[in-house]
Amino acid sequence: MTKDNQNKISRRGLLGSVAVAGAAATLSACTEESGGQNASEKKDIDVVVVGAGFAGCVAARDLTGKGYNVVLLEAQNRIGGRAFTSEFAGTVYEVGALMLSWRQPFIWSEVVRYGLEIEPIVGALTPEICYWIQNGERFEGTPEEFFPQFVPAVEEFYKDVSPAFPYPYDPLYNTSVVEALDEQSVADRVRTMDPALRDFADNWAAVPLGRAGKDVSLAATMALVSSFGGVQGSLEGASYRLKKGTTALAEAIANDAQSAGCDVRLNSPVGSIEQTSGSAIVKLESGEEIKTKAVIVAAPVNTYGNITFKPDISGKKKKAAEDRVAGAQGVHINARIRGNRKPLIAVGPSDLPIHLLITTDILDDSVIVDGYGPSAELLDGNDPEAVQEALRNWIPDVEVMETVCYRWDLDPFSQGTWCGFGPGDFTEYFEELRRAEGVVHFASGDSASAFRGFMEGAAESGVRVARDVADQLKS
């Protein structure tokens, strides 16, 4: 996507006809690009971090805590990146990232560090009614009727996950095995299974990566399940959310960095990064230049084309960005449906416009459901009638009162949702996306050691790359 095209993308294009109330940054003294004297004007800069999602905020905080002079630049007017909390139908609404689990050590430690409350996602943790589509037929039943059919299908699909990925945070440990798996898609393995199991396996394997099964690497989905500790862990997995929203956690981390002396700036898109012997010059689109000893690019891989690198980044990194291999183009909707309905979970084949639906909130006269689909092109998530039609694949009498959806694929600073590698992409790009180039380092949930595409992966990436930068600065 060119910068000219980015500038043409309107708020309406991102949100359709529904306005999402943006979460205002609450940093204690954020300095915007046009504001007064910045910390960077007063002292030598050790590190510039580009992007204030979880990876960037964690890296900036950790490096500032080690005594380095850090500038954290965020192109948008808020902290959090693809974690973005707003309000919908009087409830806390996660525009992007939602789920977390105590099985995710890095993000869980952040929740504990800042004393934030969690709460269950009722449709994921304690559903009372289940809907599923199997061999083209619609079914409805209790959890006791659904899960004894669903779980065996998932177990059969992932039967070799442990020997293939014995060390989840070293996913290429069994390189030859992983390469062979990466050549296949989820759909390839599904076709080898009993027809009665196929739709269940297809759903669980593809949905977390934000694509249809034919577009998901078998190695990538197996690596994710291994991160949870296996099938049972993934089934129990990310069933909780932050009570005050993901933005509250991102801002807590950024505030911590700022309190320690980090110069945090919003509305500060970067135009270029130029390396000169042992240092770099980061040039903002405003024209301001910051000389620094190291740079961490903590932006989504899909957006690397927004920045001019001198010398240029590797051909593989450029191709990964251009082909959008690390950010799926899926859809994430929230819908308010009429009536006092029980907490539900609904699953279907991965190529449906919505392939997973879970209840998040129960109101007096309605419930809020969270839905995911493989492509924003298949469904206008801001059109209640279109969403209602999609939900009627499971619930024929459902009435959608209102709906909201953010087009992450159209956001110039995201250009996609969470990471979902396609066949061949995992082994082709994983190591390269993590490789530093001179004094320029790369941190993102897209290139995390485990839980790629989750807040957990972003936090882990921030910790790891901050350590690498500190080691480089010491030497």
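- A side-chain donor-acceptor contact under 3.5 Å links R452 to the backbone of A448.
- The backbone N or O of G327 sits less than 3.5 Å from a side-chain atom of Q329, completing a donor-acceptor pair.
- A 4.5 Å side-chain heavy-atom check between E285 and P269 finds at least one atom pair inside the cut-off.
- Residues R241 and I118 have side chains not in contact (no heavy-atom distance under 4.5 Å, counting atoms from C-beta outward).
- In this structure, E456 does not pair ionically with R103, as no charged nitrogen and carboxylate oxygen lie closer than 4.0 Å.
- The two atoms that bring A443 and S461 nearest to each other are CA-OG, 3.3 Å, heavy atoms only.
- Taking every heavy atom of both residues into account, V469 and V47 meet most closely at CG1-CG2, 3.8 Å.
- Residues meeting the side chain to side chain contact (heavy atoms under 4.5 Å, CB included) test with T303, sequence neighbours left out: A299, P300, N306, Q415.
- E432 has its side chain within reach of S314: a pair of non-hydrogen atoms, C-beta onward, lies under 4.5 Å apart.
- Every pair passing ring pair (Phe, Tyr, Trp, His ring centres under 6.0 Å) that includes a residue from residues 259-314 is listed here, sequence neighbours excluded: Y304-F442.
- Listed here is the closest heavy atom pair of S414 and N302: O-CB, 3.6 Å.
- Nearest heavy-atom pair across T64 and A257 is CG2-O, 3.7 Å.
- Residues V216 and S185 form no side-chain contact, since every pair of their non-hydrogen atoms from C-beta on lies 4.5 Å or further apart.
- For the pair E110 and R113, the salt-bridge criterion is met [side-chain N within less than 4.0 Å of a carboxylate O].
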Checking side chain to side chain contact (heavy atoms under 4.5 Å, CB included) for the pair Q472/H441: CA distance, chi angles, key distance, verdict?
-> CA-CA 10 Å; Q472 185 181 73; H441 299 250; 3.0 Å; yes
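- Here the CD-CD1 distance, from Q275 to I313, works out to 11.0 Å after rounding to the nearest 0.5 Å.
- Judged purely by distance below 3.5 Å, without hydrogens or angles, the side chains of R434 and S449 pair a donor atom with an acceptor atom.
- Counting only heavy atoms from C-beta outward, the side chains of V50 and V295 approach each other to under 4.5 Å.
- Judged as a side-chain hydrogen bond (donor to acceptor under 3.5 Å, both in side chains), the pairs with a partner in residues 207-225 (not counting sequence neighbours) are, in order, Y158-T221, D182-S217.
- Ring geometry, F165 versus F426: the interplanar angle falls from 30° to 60°, so the pair is classed tilted.
- Panel note: side chain W418, backbone G96; no donor-acceptor pair is recorded below 3.5 Å.
- Atom CD of E119 sits in a crowded spot, with more than 12 heavy atoms from other residues, nucleotides or ligands closer than 6.0 Å.
- A donor-acceptor contact shorter than 3.5 Å links the side chain of E87 to the backbone of G90.
- Panel note: side chain K293, backbone V439; no donor-acceptor pair is recorded below 3.5 Å.
- Applying the salt bridge (charged side-chain N to carboxylate O under 4.0 Å, His left out) criterion to K66, with sequence neighbours excluded, gives no partner residue.
- By the 4.5 Å heavy-atom criterion applied to side chains, R78 and E251 are not counted as neighbours.
- Between the side chains of Q184 and R189, no donor N or O sits under 3.5 Å from an acceptor N or O.
- Contact check for L98 versus I121: side-chain heavy atoms found under the 4.5 Å cut-off.
- Side-chain polar atoms of D370 and T360 form no donor-acceptor pair below 3.5 angstrom.
- Put simply, the side chain of D425 gets close to the backbone of G422: a donor and an acceptor are under 3.5 Å apart.
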Going through the distances and angles, do V369 and I358 end up as a side chain to side chain contact (heavy atoms under 4.5 Å, CB included)?
-> CA-CA 5 Å; V369 292; I358 52 177; over 6 Å; no
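- Taking CG from D46 and OG from S279, the interatomic distance works out to 12.0 Å, rounded to the nearest 0.5 Å.
- Between the CG atom of L284 and the CD1 atom of I290 there is a distance of 5.5 Å, given to the nearest 0.5 Å.
- Counting heavy atoms from C-beta on, the side chains of I333 and N382 never come closer than 4.5 Å.
- In this model, no donor atom of one side chain and acceptor atom of the other lie less than 3.5 Å apart for N267 and N77.
- No donor-acceptor contact under 3.5 angstrom links the side chains of E74 and S268, judged on distance only.
- The side chain to side chain contact (heavy atoms under 4.5 Å, CB included) check on S444 picks up R82, D446, S447, with sequence neighbours excluded.
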Give the C-alpha distance, both sets of side-chain angles, the deciding distance and a yes or no for salt bridge (charged side-chain N to carboxylate O under 4.0 Å, His left out) between K291 and E289.
-> CA-CA 7 Å; K291 185 175 182 180; E289 295 184 354; over 6 Å; no
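- Taking each heavy atom of A321 and G305 in turn, the nearest pair found is CB-N, 4.4 Å.
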Please assess V264 against I79 for the test side chain to side chain contact (heavy atoms under 4.5 Å, CB included), listing each intermediate value before the final yes or no.
-> CA-CA 10 Å; V264 182; I79 296 294; 4.2 Å; yes
Assess whether side chain to side chain contact (heavy atoms under 4.5 Å, CB included) is satisfied between Q104 and E460, documenting all intermediate values.
-> CA-CA 10 Å; Q104 299 170 326; E460 179 268 328; over 6 Å; no
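- When all heavy atoms of A164 and N174 are compared, the pair lying nearest together is O-ND2, 3.4 Å.
- Distance check: T403 OG1 to F88 CZ gives 5.5 Å after rounding to the nearest 0.5 Å.
- Heavy atoms of other residues, nucleotides or ligands lying less than 6.0 angstrom from OH of Y114 number more than 12.
- Note: L433 CG to E428 CD = 10.0 Å, rounded to the nearest 0.5 Å.
- Ring pair F106/W108: centre-to-centre distance not below 6.0 Å.
- Looking at residues two or more places apart in sequence or on another chain, you find a salt bridge (charged side-chain N to carboxylate O under 4.0 Å, His left out) between K318 and D312.
- The only member of V404, D361, I368, T91 that meets side-chain contact (heavy atoms from CB on, under 4.5 Å) when paired with R336 is I368.
- The closest side-chain donor-acceptor pair between Y406 and D411 falls under 3.5 angstrom.
- The aromatic rings of F451 and F228 stand perpendicular to each other, their planes meeting at an angle above 60°, with 30° marking the opposite boundary.
- Residues E94 and H332 bring no donor and acceptor atom of their side chains to less than 3.5 Å of each other.
- To the nearest 0.5 angstrom, T85 atom OG1 is 10.5 Å from Y93 atom OH.
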